[in-house]
Amino acid sequence: MNAVLAAGWTGHDTRLIIAAVVAIAVIVVLITKVKLHPFLSLTIGSLVLGLTAGMPITDVIKKFSAGVGSTVASVGILIALGAMLGKLLADSGGADQIVDTVLGKARGAALPWAMALVAALIGLPMFFEIGLVMLIPVVLLAVKRTGKPLMLLGIPAVAGLSVLHGLVPPHPGPLAAAGALNANVGVTLAFGLLVGIPTLVIAGPLFGKVAARLVPDAVAPERLIPERADTDKPRPSFAATLTTVLLPVVLMLAKALSDILLAKDNQARKIFDFVGDPLIALLAAVLAGMVLLGRPAGLGREKLSTVVGDSLGPIAGIILIVGAGGGFKQTLVDAGVGDVITGLAKDAHLSPLLLGWLVAVAIRLATGSATVATVSAAGIVAPLAAGMDPSQSALLVLAIGAGSLFFSHVNDAGFWLVKEYFGLSVGQTLKSWSVMETLISVVAIALILPLSLLV
């Protein structure tokens, strides 16, 4: 107690910590027990936080609204553009082209690695749930035709999607965390790929062999195994599809490199700063996709307009959740909770990266939502990023993203999606999917911490 007082601990600090704990507990209970939508739960939790912390009610509403507005303005547009790109990839047959081209060249032992590559390519512009729905039929068909164990091919596929979902922009979690921490998205993308590739290798093809032994009796549900009947349907070439998928990645990485290598007044850097901005990079990819993917597939102007419009409905909930998470983050910051957490971390000499990971793990275990864990944890540790250089703040984003994937279990929608699509029992899903998610989280933070010492 004396040590705490000596460190400058006050009654107000205690009240703020209690307010944060109560608010998070309210959010957890509303999501897990009451089954309230995360958007409503985060909104109510933000109000509880502000009032418990002693903020005037009018200030609570203003701060929450400001947080929602700034988050939706910055992240919501990017999520919408990512959804458009994913829908174009799916409806044009571009995703099928990637699958058929990669798997057509893979045989025997190379098949799990090819499945991880397919998942990574498809997962770049797509949200986890959409990518999963697209990939599962491919996995089940490959299992039927090759006779390989379901887990040997299934785990690399879902690992590829999960790694990208947690670590690589333009997925909602990393984007939201980068916005909350003022991290450079291009640098975050570069480090995300650097950490994500070895993480995917370990948690995907390598763990897939172990999972095949842990769950040897997993059998693909016959009713879900498709037979491709549209092989003659016109679709874009592999080169055109790959160009569209990788265009935003290349542009954002080019911006990140120019920021490091070129002077601020360099004209080339100014150009890269513009085209490599996430909004411009994704917009360019969507426009390129309409030409490179839409035309070869025979999609006319009206059909393209419909495809793009149809992509927005399913992601409305995601944008609202991320927006409410931004409001919760802003309430945390303005109430002063972040400053208290910062002080505690410094007094305890705890690495900001490890703290961000631990906070995200705790919220992930409680709520089951990787996105909620990411945006909430980013808000809590945001003050720690204030004095960080771009490399460290990007790694903090990744540490939070890694923590948000830890041990998916029965309160996570992804758990049930994988269980049903793979025809597993709850126990089998825990031994395969849940262990894989934990492995991704632990391997990623194990790579991020030493990397932070080198950059």
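By convention here, the first residue in the shown sequence is residue 1.
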What verdict does the side-chain contact (heavy atoms from CB on, under 4.5 Å) test give for H165 and L405, after you've listed the backbone C-alpha separation in whole Å, the side-chain angles of each residue and the deciding distance to 0.1 Å?
CA-CA 9 Å; H165 175 67; L405 299 176; 4.3 Å; yes
Nearest-0.5 Å distance, CZ of residue F406 to CH2 of residue W357:
5.5 Å
Y421/V139 under side-chain contact (heavy atoms from CB on, under 4.5 Å): CA gap, chis, key distance, verdict:
CA-CA 10 Å; Y421 274 123; V139 173; over 6 Å; no
For residues S351 and L449, report the shortest heavy-atom separation together with the two atoms involved.
OG-CD2, 4.1 Å
For the residue pair L88 and L304, establish whether any side-chain heavy-atom pair is separated by less than 4.5 Å.
yes
N/O donor-acceptor pairs under 3.5 Å from side chains in residues 305-321, not counting sequence neighbours:
from : atom 1 : to   : atom 2 : distance (Å)
T306 : OG1    : E302 : O      : 3.0
S311 : OG     : V308 : O      : 2.6

Decide, yes or no, whether a salt bridge links K419 with D412 under the criterion of side-chain N to carboxylate O below 4.0 Å.
no
For a side-chain contact (heavy atoms from CB on, under 4.5 Å) check, start with the C-alpha distance between V372 and S41, then their side-chain angles and the critical distance, and finish with the verdict.
CA-CA 10 Å; V372 171; S41 302; over 6 Å; no
N/O donor-acceptor pair under 3.5 Å between Q392 side chain and S452 backbone
yes
Main-chain N/O of V158 paired to S162 side chain as donor or acceptor, under 3.5 Å
no
Polar side-chain atom of S441 near backbone of E437 as donor-acceptor pair, under 3.5 Å
no
For Q97 and P236, indicate whether the former's side chain and the latter's backbone hold a donor-acceptor pair under 3.5 Å.
yes
Please enumerate all residues that pass salt bridge (charged side-chain N to carboxylate O under 4.0 Å, His left out) together with D259, with sequence neighbours excluded.
K255, R269
pair L214-Q428: side-chain heavy atoms closer than 4.5 Å:
no
Indicate yes or no: at least one non-hydrogen side-chain atom of S432 is less than 4.5 angstrom from one of I155.
yes
Working to the nearest 0.5 Å, report the span between NE2 of H171 and CG of L164.
5.0 Å
Considering only heavy atoms from C-beta outward, does the side chain of I202 approach that of F207 to under 4.5 Å?
no
Between F191 and V397, is there a side-chain heavy-atom distance shorter than 4.5 Å?
no
Which atom pairs, donor and acceptor, lie under 3.5 Å between side-chain atoms of residues 273-296 and protein residues at least two apart or in another chain?
from : atom 1 : to   : atom 2 : distance (Å)
D277 : OD1    : L279 : N      : 3.0

Drop me the distance from T101's OG1 to D96's CG, to the nearest 0.5 angstrom.
10.0 Å
Under the criterion side-chain contact (heavy atoms from CB on, under 4.5 Å), I'd like the reasoning laid out for D100 against F238: C-alpha separation, chi angles, the key distance, then a yes or no.
CA-CA 9 Å; D100 290 346; F238 179 72; over 6 Å; no
If you compare all heavy atoms of A23 against all heavy atoms of F328, which two are closest, and at what distance to 0.1 Å?
CB-CE1, 4.1 Å
Treating H37 as the side-chain partner and F39 as the backbone partner, does any N or O pair qualify as donor plus acceptor under 3.5 Å?
yes
Give a yes or no on whether the backbone of L430 and the side-chain of H409 come within a donor-acceptor separation of less than 3.5 Å.
no
From L85 atom CG to L89 atom CG, the distance as rounded to the nearest 0.5 Å
6.5 Å
So which atom in L167 and which in A444 form the shortest heavy-atom distance, rounded to 0.1 Å?
CD1-CB, 4.3 Å
Shortest non-hydrogen separation from A382 to A180 and the atoms involved:
CB-O, 4.1 Å
Is a side-chain donor or acceptor of T438 paired with a backbone partner of F407 at a separation under 3.5 angstrom?
yes
Do L181 and I400 come within less than 4.5 Å of each other through their side chains, counting heavy atoms only?
yes
Distance col, row I448:CD1 vs L451:CG, nearest 0.5 angstrom, shows 8.0 Å
Report, as yes or no, whether the 6.0 Å neighbourhood of atom CZ on F272 holds more than 12 heavy atoms from other residues, nucleotides or ligands.
no
Is any side-chain heavy atom of V143 closer than 4.5 Å to a side-chain heavy atom of K148?
no
Please round to the nearest 0.5 Å and tell me the distance separating atom CG of L150 and atom CG of L424.
6.5 Å
Check: S434 side chain, K431 main-chain N or O, donor-acceptor pair, under 3.5 Å
no
Of the non-hydrogen atoms in L447 and P198, which two are nearest, and what is the gap between them?
CD1-CG, 3.7 Å
Minimum-distance pair of heavy atoms, taken over all atoms of R364 and S408:
NH2-CB, 3.1 Å
Would you mind reporting whether L365 and V361 have side-chain heavy atoms less than 4.5 Å apart?
yes
